[in-house]
Amino acid sequence: MRIDVFTIFPDLVEGFTSRALLGKAQDKGLLDIRAHDLRSETVDPHRSVDDSPFGGGAGMVLMPEPLFSAVEAVDPPRPLFLMGPGGRTLDQGFARELAAGEGFSLLCGRYEGVDARVVDHLVDGELSIGDYVLAGGEVAALVVIEAVGRLVPGVMGNTTSGDDESFSEGLLEYPHYTRPAEFRGWEVPDVLRSGDHARIARWRRAQALARTVSDRPDLIEARGGLTEADRKALAEFDLD
Ligand code: JF5
């Protein structure tokens, strides 16, 4: 899968995507992440990418010319998304859709925003990671790349799929424990040390359900409420 990123900070994007999971996936040839400098096609001495807004007002706006030129010099994989709080918000379903495709591209805005002609005539849509204000699209682009990249077959290795069992079911994760069995007086639940794998699986499911009911009732609602099987699972461990 190829993912192209257009940014005034290509080294920041490369610094993140060349490490850890995404770096290894690129070494293996599973991902091809290319960061492009929005200044690459600029010809003026200052390599300008921004200018003051027509109509007045605070701050600067990314100019159309350098952005069109940078994108057209590359002919990147489409769809090309502008990072920003408008447009569809990333969720696990959207990440799955992007991971099932051949690739896509992300344009990172800065300052007060980008010239509207970029929105109208260059990009295919806008992509949000949530309702908050960032200083630029780079961190948002990295969130998208990590969420999608880990779902590409082979990236997570073969012990687990990237589509985490409980989240893909619309539930929070069950609690995890490792050694020591007792830490500062807090013990690991006996069931996890019992060796009864069927019971452990039922306990984990009940814990995932109970946590979701308590912390994210909206996710339970989205699944259509608790089923009779869910209620029985909770009752077995006195979580109802
Ligand atoms: C931004 C001008 C974009 O990329 C984002 C964002 C994505 N989801 N939520 C926020 O904002 C960055 C800053 C300035 C355009």
Side-chain angles (χ1 to χ4, degrees), residues 1-19 21-22 31 33-42 46-74 76-99 101 103-151 167 216 218-219 222:
M1 162 164 294
R2 179 172 154 189
I3 305 172
D4 286 37
V5 186
F6 295 87
T7 167
I8 58 168
F9 296 120
D11 52 344
L12 190 156
V13 171
E14 267 160 18
F16 185 84
T17 57
S18 65
R19 306 297 298 270
L21 185 83
L22 297 174
L31 293 178
I33 303 169
R34 305 185 194 182
H36 307 283
D37 191 344
L38 286 173
R39 298 185 198 276
S40 64
E41 304 299 308
T42 56
H46 292 106
R47 311 198 75 196
S48 310
V49 292
D50 61 324
D51 204 342
S52 46
F54 273 114
M60 302 293 274
V61 175
L62 283 169
M63 301 151 68
E65 172 66 22
L67 274 56
F68 273 79
S69 297
V71 170
E72 286 165 353
V74 167
R78 297 270 177 167
L80 167 61
F81 296 106
L82 173 66
M83 299 311 305
R88 186 172 171 192
T89 303
L90 184 72
D91 61 13
Q92 194 65 15
F94 195 2
R96 247 177 247 137
E97 284 175 35
L98 291 171
F104 59 92
S105 301
L106 304 173
L107 173 56
C108 302
R110 279 262 147 194
Y111 317 118
E112 306 321 303
V114 305
D115 187 283
R117 289 163 290 191
V118 168
V119 179
D120 294 343
H121 304 295
L122 182 63
V123 305
D124 300 298
E126 203 168 329
L127 203 170
S128 171
I129 62 162
D131 291 342
Y132 33 79
V133 181
L134 299 172
E138 285 77 14
V139 167
L142 294 176
V143 168
V144 174
I145 293 167
E146 183 160 301
V148 173
R150 64 188 290 288
L151 296 177
F167 207 94
R216 291 293 307 275
D218 59 304
L219 294 179

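When a ligand or atom number is given, it counts from 1 through the structure's own listing order.
Residue Asp131 places its CG atom among 12 or fewer non-hydrogen atoms of other residues, nucleotides or ligands, all under 6.0 Å distant. When the shell of 6.0 Å around CZ of Arg88 is examined, it contains more than 12 heavy atoms from other residues, nucleotides or ligands.
The shortest N/O to N/O separation between Gly130 and ligand 1 falls below 3.5 Å. For ligand 1, the polar-atom distance check finds an N/O of Ile129 within less than 3.5 Å of one of the ligand's N/O atoms.
The atoms of ligand 1 that sit less than 4.0 Å from any heavy atom of Tyr111 are 2 (C), 14 (C). Residue-ligand proximity, Tyr132 to ligand 1, at heavy-atom distances under 4.0 Å covers atoms 9 (N), 10 (C). Annotation for ligand 1: atoms under 4.0 Å from non-hydrogen atoms of Leu134 are 5 (C), 6 (C), 10 (C), 11 (O), 12 (C), 13 (C). Those atoms of ligand 1 with a heavy atom of Ala140 less than 4.0 angstrom away are 4 (O), 7 (C).
With contacts defined as side-chain heavy-atom distances shorter than 4.5 Å, the pair Leu107/Leu67 qualifies. Side-chain contact between Arg34 and Val74 is absent, with no heavy atoms from C-beta onward closer than 4.5 Å. Looking only at side-chain heavy atoms (C-beta outward), Gln92 and Leu151 come within less than 4.5 Å of each other.
Heavy atoms of Ser128 found under 4.0 angstrom from ligand 1 belong to the backbone as well as the side chain.
Ranking protein heavy atoms by distance to atom 5 (C) of ligand 1, first place goes to Gly84 CA, 3.7 Å. In this structure, the protein non-hydrogen atom closest to atom 3 (C) of ligand 1 is Met83 O, 3.5 Å.
Remark: Arg78 pairs with Val71, Leu80, Leu122, Asp124 by the side-chain contact (heavy atoms from CB on, under 4.5 Å) rule, at least two apart or across chains. Checked against salt bridge (Lys or Arg N to Asp or Glu O under 4.0 Å), Asp4 has the following partners two or more places apart in sequence or in another chain: Arg2.
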